Amino acid sequence: MSENSPTEKPALLGGAPVVSEGPSPWPISDEAIANVFARLQSSGAWGQYHAEHTQDLISNFRQQYQAEQIILTSSGTSAVELALRGLNVSQDDEVILAAYDFKANFTNVVLLGATPVLVDIDRESGQLDVDQVAAAISSKTKAILTSHLHGGMVDMVWLRNLADERDIPIIEDCCQVSSRAVIDGRVAGSFGDVAVLSFGGSKLLTSGRGGAVLTNRADIAQRIRLYNERGNEAYPLSEMQAAVLVSQLDQIEERHRRRLIGAESITEALGSETCLRPFTRCPKAISDYYKFGMWYHETLMGGLSRDLFCRAMQAEGVPLYPGFAALHRIHARRRFRQVGELENASYAHDSVVILHHPFLLKGRQAANQFREALDKIQEHATILKNVHLS
Ligand SMILES: *Cc1c(COP(=O)(O)O)cnc(C)c1O
């Protein structure tokens, strides 16, 4: 038996962790990053507003996303706000979004005086249930805001058709995928009238903070620029950040592939496991993984709560965390309108767990370690259940 056989005590109870080499680093401080900081220092570009790196980044995004207009921003959150402003969302309008989504997307809609209209998610894929969007549309609907979440992909082909029929613009939130995420042969981000990216510290492409708005619609870009440019940009991304981002561009493909292998291997290693089921994938899509989403089934894990399960996995060295809080569960009723009972979003609120992407870069080793940690915890679930953590 290996040192870390499942009979070993869980790390949460003092045993040796499955992952002995420590956490997978993110961001990765490789040679490309070291070089870019050295060049920034010697050229003085670190002190500039905009120069060649900003231009390189914009050209790259233009090409990757087939979007003519690129507005670099200070965060993904500010990019979502600008996208909403670009569509003229204001007082008394409605914006449709999934009841399970990034909190700031909801808050941004409210900030503009509009009402979020919450639609349920799909019970298997964890993504916006596009079949329910039609029922959410009213005469006040100004936009549909949708995010590709936790390794799943929204069926944008279906949503685009509906939006075209009803003449409603889409904001496509691509903060959790790279430019390698593809739906029906088209890059994710090219389906929305406007798309947003995030370069936050934990994201797949990162400069600590930062974001971008992408669009082919000149009217949207112009409205955003009018708001953002006040003789000076209100939500800027610096040349220094752009340089750090540019240095990561040629690694997107390789890292994407490794994450796919990691996620596929874990899915295989889980097999028909019922206590933990990966989000199902959209058949016409190639996904990417900022987080790898799974449904956790507490009762099939000896009654071990999701929080304790995640804490136990983390102690083993597996970066697994509870997912988002569902929006209808954390905001006052008067802030939103809801469509139906939102039971799947409620289920997600209680049972989604998400694995952080750097772990996936280990490929097949990620699957072995994940499975080993899971087996260990499964075996000791009834003891772990009674652990009291501060
Ligand atoms: C990270 C993220 C954002 C924006 O995040 P910032 O930290 O503001 O850059 C928006 N939407 C989703 C789905 C995200 O995951």
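Counting starts at 1 for both ligands and their atoms, in listed order. Everything quoted here is computed from the prediction, not taken from an experiment.
If you check the side chains of Tyr290 and Ser202, you find a donor sitting under 3.5 Å from an acceptor. Counted by atom type alone, Glu239 and His53 present one or more donor-acceptor pairs between their side chains at under 3.5 Å. Using modelled atom types, one finds a donor on one side chain and an acceptor on the other under 3.5 Å when comparing Arg85 with Tyr227.
On a distance-only criterion, Ser147 and ligand 1 share no N/O pair closer than 3.5 Å. In terms of polar-atom proximity, Thr77 is counted as a contact of ligand 1, with an N or O under 3.5 Å from an N or O of the ligand. For ligand 1, the polar-atom distance check against Gln176 finds a nitrogen or oxygen pair separated by under 3.5 Å.
Stacking of Arg277 on the aromatic ring of Phe279 is not recorded, the 6.0 Å distance cut-off and the 45° axial limit not both being met.
Of all atoms in ligand 1, listed by their number and element, those nearer than 4.0 Å to a heavy atom of Arg209 are 7 (O). The Lys203 neighbourhood of ligand 1 comprises atoms 1 (C), 2 (C), 3 (C), 5 (O), 14 (C), 15 (O), with distances under 4.0 Å to a heavy atom of that residue. Close approach to Leu149 involves these atoms of ligand 1, each under 4.0 Å from a residue heavy atom: 13 (C).
Glu273 pairs by the salt bridge (Lys or Arg N to Asp or Glu O under 4.0 Å) definition with Arg371, not counting sequence neighbours.
We find the CG-CG distance between Asp131 and Leu159 to be 10.5 Å, quoted to the nearest 0.5 Å.
A ring pair (Phe, Tyr, Trp, His ring centres under 6.0 Å) with His357 is found for one member of Tyr289, Trp26, Tyr321 and no other, namely Trp26.
Nearest protein heavy-atom contact of atom 3 (C) of ligand 1 is Phe102 CE2, 3.3 Å.
Only side-chain heavy atoms of Cys175 come within less than 4.0 Å of ligand 1; its backbone N, CA, C and O stay farther off.
For atom 13 (C) of ligand 1, the candidate residues are Asp173, Val80, Val196, Leu197; the nearest heavy-atom contact is made by Asp173.
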